[in-house]
**Q** 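Okay, here's the structure, questions in a sec.
When a ligand or atom number is given, it counts from 1 through the structure's own listing order. Below, all heavy atoms of this structure are taken into account, side chains as well, without hydrogens, waters or symmetry copies. For the single chain, residues carry numbers from 1 onward in sequence order.
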Amino acid sequence: MVILGAGPAGLVLGNLLLAAGIDCAVLERASSSHVQTRARAGFLAPNTVRILDRHGLADGLHRYGRQHGACEFRTREGRFRLDYGALGQSGMHHVYPQQNLVTDLLGHYLDRGGRISFHTEALTVHDADGARPSVMAREPDGRPVRWAARYVAGCDGRHGAARRALPPGVVHHRHDHGVTWLGLLAQAPPSLDAVGYAIHDRGFAGHMARTPEVTRYYLQWQRGVPADAWPEQQIWDELDLRMRAAEHGPLHRGTLVERGLFDLTCDVVEPLRHGSLFLAGDAASLLAPAAAKGANLAVLEADLLAGAFIDALTRGDAAGLDGYSDRCLTHIWRAQEFTGWMTRLLHAAPDGDRDAGSFFHAALRRSRIASLRTSRSHQDWFAENYVGV
Ligand code: RFL
């Protein structure tokens, strides 16, 4: 088995295959240190933790992660806190930075005797429609090398080789929410004990704890303006303004150690299988980060795919592989739907729609927030979708 990509999807898959005695090799374009320090997700759903627990991969997350179950909405009408972790059967998130999870998964994979080639970029996938696919890759010294396998798992993200190998018949649904975020990583303790969602006429601002020393902030940003256009002081002042620090208390300021721009776009590849090539994680579907679903779906899909590969390779039962795409797509569309709902809740009218629809759009958002503040059944619905995958 050849696995492309050493993110959460590829490393969970590799660990599960090794545990079942199936030989595999991971090809990763980046360096080992890069994948172990790339700050991205942080909110892991209960189902993700259950999967990692079941396979003995959750030790670090239990030792160093924290349970989390509240978010706070801040609007012109005031603030309200939603203790989603205490509602219904949904459960809590675990806050554990993705780079720490990847480090743990890599450690387990190597301990189980797994093979991994860093600085090795998959270029093309060949003969995916047959029983002997292969991957053409560039080794660290620049040499091209062919990797042959029974199956190829494309866990190499949205710009990877797996997607490029799909034939024209595969449908690629794309949607642009029309919003851009400036994502910030601050060397500063969290400013509130909840995820903060600030809805402001100047645009959205978000607050998400990562560790006791590091906090993620987001600012809705004008598309096309570079990430370094504003000095740090101006960014903190804008965060204060949108998060209404004057009313609700100051933010803990600190050095901004990372800035990145994210267009809130999303896509779904359908189906997720082409012959012997299977897609999982961001390679299968990209979600806007508004609802923190991407890493959770990646782990879920890797678990489903591992089970299907194990059935096929150890028992000759291909039913799991045949049903893999449909099963995942059900989860993916549900996550896309909720992410789209969150995106519309949190943002002023997208660029270009400001004049025509802004009053209407803002009134709809106020109404949605009011419903979430006052309706217990709406809160239950929110909790179930926010925490679930
Ligand atoms: P990854 O993690 O991108 O890993 C793919 C790996 O493939 C490698 N690669 C290649 N290797 C070989 N050959 C090639 N041709 C290759 N092309 C690429 C890459 O170097 C990389 O190592 O994909 P994976 O495993 O599918 O995991 C997906 C998650 O990383 C992603 O969905 C999440 O980070 C999304 N996300 C969040 N998800 C959550 O569940 N909860 C969150 O709180 C959350 N916050 C976020 C996020 C994503 C963010 N960004 C990056 C927009 C916050 C942010 C800011």
**Q** Going by the order shown, which atoms of ligand 1 are within less than 4.0 Å of some heavy atom of R38?
**A** 19 (C), 20 (O), 21 (C), 22 (O)
**Q** Taking the ring centre of each residue, are H173 and W333 less than 6.0 Å apart?
**A** yes
**Q** Which ring pair (Phe, Tyr, Trp, His ring centres under 6.0 Å) pairs, counting each pair once, include a residue from residues 3-50, with sequence neighbours left out?
**A** F43-H68, F43-H93
**Q** Can you tell whether the side chains of D83 and R81 come within less than 4.0 Å, N to carboxylate O?
**A** yes
**Q** Is the distance between the ring centroids of W181 and Y218 less than 6.0 Å?
**A** yes
**Q** Hey, would you say the W230 and W236 ring centroids sit under 6.0 Å apart?
**A** no
**Q** Which residue supplies the protein heavy atom nearest to atom 37 (C) of ligand 1, what is that atom called, and how far is it?
**A** A41 CB, 3.2 Å
**Q** To the nearest 0.1 Å, how far is atom 38 (N) of ligand 1 from its closest protein heavy atom, and which atom is that?
**A** A295 N, 3.0 Å
**Q** Give the numbers and elements of all ligand 1 atoms closer than 4.0 Å to a heavy atom of E121.
**A** 13 (N), 15 (N)
**Q** For N296, counting its heavy atoms only, list the atoms of ligand 1 lying under 4.0 Å from any of them.
**A** 39 (C), 40 (O)
**Q** Are any of the side-chain heavy atoms of M1 and F309 separated by less than 4.5 Å?
**A** yes
**Q** Of all the non-hydrogen atoms in the protein, which one sits nearest to atom 5 (C) of ligand 1, and at what distance?
**A** C155 O, 3.4 Å
**Q** Please work out which of the three classes, parallel, tilted or perpendicular, describes the rings of F80 and F73, given edges at 30° and 60°.
**A** parallel
**Q** Quick check on contacts: which atoms of ligand 1 are under 4.0 angstrom from a heavy atom of V35?
**A** 22 (O)
**Q** What residue and heavy atom of the protein are closest to atom 52 (C) of ligand 1, and at what distance?
**A** F262 CD2, 3.3 Å
**Q** Suppose we measure from atom 6 (C) of ligand 1 to each protein heavy atom; which comes out shortest, and what is that distance?
**A** E28 OE1, 3.6 Å
**Q** Crowded around R244 CZ? As in, over 12 foreign heavy atoms under 6.0 Å?
**A** yes
**Q** Report, in ascending order of atom number, the atoms of ligand 1 lying under 4.0 Å from any heavy atom of G42.
**A** 42 (C), 43 (O)
**Q** What protein heavy atom lies closest to atom 24 (P) of ligand 1? Include the residue and the distance to one decimal.
**A** P8 CD, 4.0 Å
**Q** Check whether any heavy atom of W181 sits under 4.0 Å from an atom of ligand 1.
**A** no
**Q** Do any nitrogen or oxygen atoms of A292 come within less than 3.5 Å of a nitrogen or oxygen of ligand 1?
**A** yes
**Q** With T215, which residues qualify under side-chain contact (heavy atoms from CB on, under 4.5 Å), at least two apart?
**A** P190, H207, Y217
**Q** Pull out every atom of ligand 1 sitting under 4.0 Å from any heavy atom of T120, numbered as shown with elements.
**A** 12 (C)
**Q** Which atoms of ligand 1 have any heavy atom of G281 under 4.0 Å away?
**A** 26 (O)
**Q** Could you tell me whether R163 and D267 have a side-chain N and a carboxylate O separated by less than 4.0 Å?
**A** yes
**Q** Counting heavy atoms only, name the option from R210, Q98, H34, R40 that's nearest to atom 33 (C) of ligand 1.
**A** Q98
**Q** Can you tell me the protein heavy atom closest to atom 13 (N) of ligand 1 and the distance?
**A** A122 N, 2.9 Å
**Q** What orientation do H177 and H175 show, parallel under 30°, tilted 30 to 60°, or perpendicular over 60°?
**A** perpendicular
**Q** Is the number of heavy atoms from other residues, nucleotides or ligands within 6.0 Å of CZ (R327) greater than 12?
**A** no
**Q** Of the side chain and backbone of Y218, name the one, both, or neither that has a heavy atom under 4.0 Å from an atom of ligand 1.
**A** side chain
**Q** Counting non-hydrogen protein atoms only, what is the nearest one to atom 25 (O) of ligand 1? Give residue, atom name and distance.
**A** A9 N, 3.0 Å
**Q** What are the atoms of ligand 1, with element, lying closer than 4.0 Å to any heavy atom of L27?
**A** 11 (N), 12 (C)
